[in-house]
Structures are given as structure tokens and as C-alpha cells.
Amino acid sequence: MRLSGHTSLGIGGAVETFFTPGSVAELREDLHWLRQEGVPFRVLGGGTNVACRDGKLPGALISTSRMDRAYHYGRCLRVRAGCQLVPLVRRCCEWGLSGMEPLAGIPGSLGGAVVMNAGGRYGNIGSLIHEVRTLTLEGEERVYPGPADRFTYRRGDFDGEIVTEAVLILTPSQSARVKERTHRILREKVVTQPLSARSAGCVFRNPPGGSAGRLIDACGLKGRRIGGVLVSPVHANFFVNTGEGKFADFMALVKLTGARVREKFGIELELEVKVFR
Ligand code: EPU
């Protein structure tokens with residue numbers, strides 16, 4: 001299994017041990033085995049917010065991609081961690097459930113979205129969440145009812161646990177209206193972000209009151225290329241793999257852009273993308 005085929009950036013080497021549990025029970029068994037064997041591991045959601053090293057990744061990787069059920073009853077939406085956001089947003093349009101529109105165009109899985117409090121200008125997923133279920137590393141299930149205060153800018157605070165499921169509360173509406181709002185937000189993103197390019201989304205977190213993309217752009221770095229990775233000419237906080245990009249290229253570009261922003265504005269940018277090395 002090569003990570004380049006499982007990440008939106010399209011960079012990453014082999015993984016020694018790869019688990020794809022299909023249920024919470026299977027995930028618990030996998031965790032038990034890993035604990036017994038003393039093997040360190042990481043969790044991969046949709047692979048859309050990670051930059052992975054090219055060489056062999058040490059330890060094991062657990063992918064939640066097969067835990068992907070989603071169903072709704074009334075205004076409640078119960079979704080497993082591995083469910084993909086794009087089809088989920090589309091199904092909410094069909095079901096006439098409003099609330100998920102701000103997530104239009106965001107790739108990745110529900111679990112990743114919860115951990116990162118995914119969203120944008122029109123709202124974040126945290127504000128819709130009624131309940132989160134996790135497994136601790138010891139395999140114990142935790143239920144967080146109404147965890148709104150756990151969500152801050154690009155962060156859902158479930159560190160050291162694996163998100164397995166969430167319940168979202170949406171607002172019943174007309175399918176056509178939900179569809180229209182979803183498409184409007186998507187159209188805006190298509191113009192301002194390189195959605196179809198190979199990227200890991202925004203590379204840096206926005207500094208308080210500012211925009212990392214605007215700062216990198218103001219340093220004249222749009223289109224700047226190192227090896228096979230370039231600063232997107234569309235939005236400077238997206239780094240695009242042109243096809244032959246390497247992890248070292250990506251990290252060198254992170255270093256360069258961070259240094260330029262520091263020199264010009266005295267602002268220390270913080271990575272939003274998770275680095276697996
Ligand atoms: N801007 C530039 N040059 C650029 C990029 C942006 O001048 O290269 C300017 C824009 O013109 C605008 C301002 O900067 O005036 C803000 O830009 P934008 O509206 O694109 O928002 P952002 O702050 O760059 C944030 C999130 C995005 C989210 C958008 C839209 C972060 C790090 N980024 O970007 O989230 O999609 O708002 O809601 O919070 C992500 O987290 O991966 C992500 C893509």
C-alpha cells in the first residue's frame with residue numbers, strides 16, 4: 001500500500017501495516033493487537049489534510065474508510081467516521097436537510113472533518129454536532145453529548161482518541177433550496193480555490209484576524225515552484241503537486257513560504273496540514 005494513492009496531495013511512500021476496520025468492533029480488535037504488539041500507529045481519515053514522507057512510514061496506519069455508513073431520522077444525521085463529505089453533502093440536498101452547505105467542496109471524511117472542525121466562511125461542522133463517539137486507545141467507547149465547546153477554529157478537541165461516529169442536527173428544508181445554497185457556495189470555491197488540483201487543502205492555519213493565503217500572496221510567491229510542488233496561482237495557501245512532487249519539495253516550500261512571511265510581516269505561520277514522517 002502506497003500513501004501517494006490514498007492522499008489528495010498524491011505524495012507518500014509505503015506503509016508496513018495497514019488496517020481498514022469495517023466496524024467499531026473490528027477497530028477495537030485492531031487496537032488490541034497493536035497494543036499487544038507494541039506497534040505505534042496513526043489514523044488516516046480521507047487523506048485530504050496530510051503530507052506523508054516518501055520513504056516507508058514507520059508503524060501502522062488505521063484507515064476509517066470502510067466505516068462509512070450514514071443515515072438520517074428526521075433532522076438527525078448519524079454518520080460513521082469514514083463517510084466521505086462530498087457525497088454526504090449531496091445526499092443532504094436530496095433529503096432536504098439544511099446545515100451542511102458550508103461544507104460544500106470540502107473533500108475528506110466525516111472523522112477528519114470533526115477532528116479539524118472543517119468548514120469555511122459560512123460555518124463549521126462543529127456547530128451542527130449533537131454527539132460524538134470515540135474509541136480510546138484502550139478500546140473503550142466514549143460518548144460526548146452536545147460537545148459544542150470542544151470545537152474551536154480548525155480544531156475539535158478529541159486528542160488521543162479515535163472519532164468513530166457523530167450525530168448532526170440539521171434543519172428540514174426544501175431540497176431545491178438546500179441544493180441552490182450548496183451550489184452557490186461551491187461556485188464561489190471553484191473560483192477562489194484549486195479544487196481539482198492535487199493538494200492537501202490549506203497548508204497553514206490562518207493567523208488571528210488574517211489570511212495565510214493573502215500573506216503568502218503578498219510576498220509574491222504565487223506560482224513559486226520547488227521540484228514538483230508549487231504555490232497555487234489560484235490561492236497561495238494551497239500547494240499543488242504537479243505530478244512528480246516529493247515530500248521534500250512540499251516541506252521545502254513550507255519552509256520557504258513560512259520564512260518569507262516571517263521576514264516581511266513578522267508573523268509565524270502554523271501548519272494546518274498534518275505531517276506524517
Ligand atoms: N487572498 C489573497 N490571495 C490568495 C488567497 C486569498 O489575496 O492567494 C485574499 C482573498 O482575496 C480574501 C482573503 O485573502 O480577501 C481571504 O481569502 P479566502 O476567502 O480564500 O479565505 P482564506 O482565509 O484564505 C479560509 C479557510 C479555507 C476556507 C476559506 C473559505 C483557513 C486556513 N482557510 O481561507 O479553508 O475554504 O476560508 O471559507 O482557515 C482549509 O482549511 O483547508 C481551507 C481551505
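Quick note: residue numbers are just sequence positions, from 1. Indexing begins at 1, ligand by ligand and atom by atom, following the structure's order. No experiment lies behind these values; they were computed from the predicted model shown.
In this structure, ligand 1 sits under 4.0 Å from heavy atoms belonging to Gly120, Arg121, Tyr153, Arg154, Lys189, Gln193, Gly201, Cys202, Phe204, Asn206, Ser211, Gly213, Arg214, Asp217, Lys222, His235, Ala236, Asn237, Phe238, Glu272.
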Listed pairs under 3.5 Å, donor-acceptor, residues 43-62 side chains, sequence neighbours left out:
unit_1, atom_1, unit_2, atom_2, d
Asn49, ND2, Glu272, O, 3.3
Arg53, NE, Lys56, O, 3.4
Asp54, OD2, Phe247, N, 2.8
Lys56, NZ, Glu16, OE2, 3.3

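No close placement of the Phe41 and Phe19 rings is indicated, their centers lying 6.0 Å or farther apart.
The aromatic rings of Tyr71 and Tyr73 lie tilted to each other, with the angle between the two planes from 30° to 60°.
To the nearest 0.5 angstrom, Arg90 atom CZ is 10.5 Å from Lys179 atom NZ. For the atom pair Met67 CE and Ser23 OG, the distance stands at 7.0 Å (nearest 0.5 Å).
Each of Leu230, Thr257, Val273, Ile226 was compared with Phe239 under the side chain to side chain contact (heavy atoms under 4.5 Å, CB included) criterion, and only Thr257 meets it.
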